[in-house]
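A quick write-up on the structure given underneath.
A quick note: this is a predicted structure, and the numbers were derived from the prediction, not measured. Index from 1, following the sequence.
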Amino acid sequence: MNPLDLLALLSLVFATTPLCINSYVHGFQIHRHNHPRAELFLPNSLLKKHGGWTLRVAASNEDVNEAMIRQIDQKIQNYEKKQQRYLDKLKSAKAELEKYKETKQKYLAGGDLGASSRSANFSETTARSLVKSMMWRVIAGSVTFFTSLRFTGSMSTALSIVGSDFFSKAATMFIGERLMNKSQAGRKSGADDVGRSLAKALLWRLFAICNTLTMSFLIAKNLSMASKIAGSDALFKTGLMFFYERVWAKIEWGKEYIIEFSI
């Protein structure tokens, strides 16, 4: 709207007989037939621009209000759903809490924890498995480095052998730990027994021998030398890993006990 049109509109509103106002919520309309002198104040270009002879000064807010109400209703529904989910979780937590309180009271009164007290099954957390894998890789990598250096006489070759499979072996051991964690075989009194530790050491060593032999051959280009590295490495590391597993069996950090009370 140019300044002349705006001036004409203000002149019509404030200087003439009051126009017919059609109220909705916050609006009014100006019609040509409501004031015979409308054409004197409003140019034809302005009148035609706004729908022939009709000028709508302000639109109704009903549509806007309805949209806002629909939006508010949607938010209310969303929060009601969230509230119900939290209430369900709270109800479940209260039930678990009452179960453990009741079990504790029965145990303190002379009850037995049943199978749980004899086997003490547990699960290892992801963090425990990760730390075990990375710590073992540092220890085993150091052994491989010195073994490789002994047989090759080259520090660069030894470093290449160790570095080539450091992260791949760490990742493989981590996956192996998570898979073994799904089985409770060999877990007694809240720790891995000797048989489980030995089985883990032998299984891992079988994989590691193949890995070390392959990488040593590819880097040193000598099958005899690669066999010596993998073979001497294996004998020492099998015993070392068994000892490593026995130490971790006594560490409580990262254990989550599976409680299945029977009174």
Side-chain angles (χ1 to χ4, degrees), residues 92 96 99-100 103 112-148 158 160-219 226-262:
S92 177
E96 290 294 319
K99 182 182 71 174
Y100 284 113
T103 302
D112 186 14
L113 293 179
S116 181
S117 63
R118 293 186 292 273
S119 62
N121 292 337
F122 65 93
S123 176
E124 294 185 348
T125 62
T126 302
R128 179 184 171 97
S129 297
L130 182 61
V131 171
K132 283 181 66 176
S133 301
M134 294 304 298
M135 286 184 64
W136 172 251
R137 194 67 253 134
V138 172
I139 295 172
S142 300
V143 174
T144 301
F145 171 76
F146 288 112
T147 303
S148 301
S160 298
I161 293 173
V162 174
S164 62
D165 62 358
F166 184 90
F167 290 105
S168 63
K169 278 187 176 180
T172 304
M173 184 175 177
F174 172 75
I175 294 172
E177 285 288 318
R178 300 314 297 161
L179 292 175
M180 289 289 291
N181 188 53
K182 296 181 181 296
S183 173
Q184 292 296 321
R187 282 180 170 169
K188 296 179 180 179
S189 301
D192 291 355
D193 63 11
V194 174
R196 183 182 176 94
S197 296
L198 181 60
K200 289 178 69 175
L202 292 174
L203 286 172
W204 172 249
R205 187 46 39 201
L206 180 63
F207 168 80
I209 286 175
C210 297
N211 188 288
T212 302
L213 178 64
T214 301
M215 298 309 300
S216 298
F217 174 73
L218 292 175
I219 294 173
S227 300
K228 289 179 181 179
I229 294 173
S232 60
D233 203 41
L235 293 175
F236 180 70
K237 281 186 181 177
T238 300
L240 184 61
M241 187 172 189
F242 174 77
F243 175 75
Y244 182 77
E245 283 291 326
R246 296 313 301 153
V247 171
W248 269 98
K250 300 181 182 300
I251 298 175
E252 289 296 317
W253 175 78
K255 291 181 179 180
E256 293 182 344
Y257 288 94
I258 303 173
I259 304 174
E260 296 176 355
F261 296 123
S262 59

Interatomic distance, CD@Gln184 vs CZ@Phe122, rounded to 0.5 Å, equals 7.0 Å

Contacts of Phe145 meeting ring-ring contact (aromatic ring centres under 6.0 Å, His included) (sequence neighbours excluded), chain-then-number -> none

The side chain to side chain contact (heavy atoms under 4.5 Å, CB included) partners of Ser197 (sequence neighbours excluded) come to Asp192, Phe242, Glu245, Arg246

* Kindly check if the number of other-residue, nucleotide or ligand heavy atoms within 6.0 Å of CZ (Phe243) is above 12? => no

(Q) Check whether Lys255 reaches the backbone of Gly190 with its side chain - one donor and one acceptor, N or O, closer than 3.5 Å. (A) yes

Exercise: do Lys169 and Ser133 side chains pair donor with acceptor under 3.5 Å:
no

Sequence neighbours excluded, the answer for side-chain hydrogen bond (donor to acceptor under 3.5 Å, both in side chains) partners of Ser129 is Arg178

The side chain to side chain contact (heavy atoms under 4.5 Å, CB included) partners of Ala170 (sequence neighbours excluded) come to Met134, Arg137

Check: Going through the distances and angles, do Leu240 and Trp136 end up as a side-chain contact (heavy atoms from CB on, under 4.5 Å)?
Finding: CA-CA 10 Å; Leu240 184 61; Trp136 172 251; 3.9 Å; yes

Sequence neighbours excluded, the answer for salt bridge (Lys or Arg N to Asp or Glu O under 4.0 Å) partners of Glu256 is none

Residue set satisfying side-chain hydrogen bond (donor to acceptor under 3.5 Å, both in side chains) with Arg205, at least two apart, ordered chain then number -> none

Applying side chain to side chain contact (heavy atoms under 4.5 Å, CB included) to Ser183 and not counting sequence neighbours gives Ala185, Arg196

In short, Val143 meets Phe236 closest at the heavy-atom pair CG1-CD2, 3.7 Å

Quick one: side chains of residues 247-254, donor-acceptor pairs under 3.5 Å with protein atoms, not counting sequence neighbours, listed by atom name and distance.
residue : atom : partner : partner atom : Å
Trp248  : NE1  : Tyr244  : OH           : 3.1
Glu252  : OE1  : Tyr257  : OH           : 2.6
Glu252  : OE2  : Tyr257  : OH           : 3.4

Applying side-chain hydrogen bond (donor to acceptor under 3.5 Å, both in side chains) to Ser123 and not counting sequence neighbours gives Asn181

Interatomic distance, CD1@Ile161 vs OG@Ser148, rounded to 0.5 Å, equals 3.5 Å

For Glu177, the side-chain hydrogen bond (donor to acceptor under 3.5 Å, both in side chains) test, sequence neighbours excluded, returns Lys132, Lys200

Sorted by chain and number, sequence neighbours left out, side chain to side chain contact (heavy atoms under 4.5 Å, CB included) with Leu202 holds for Leu198, Thr238

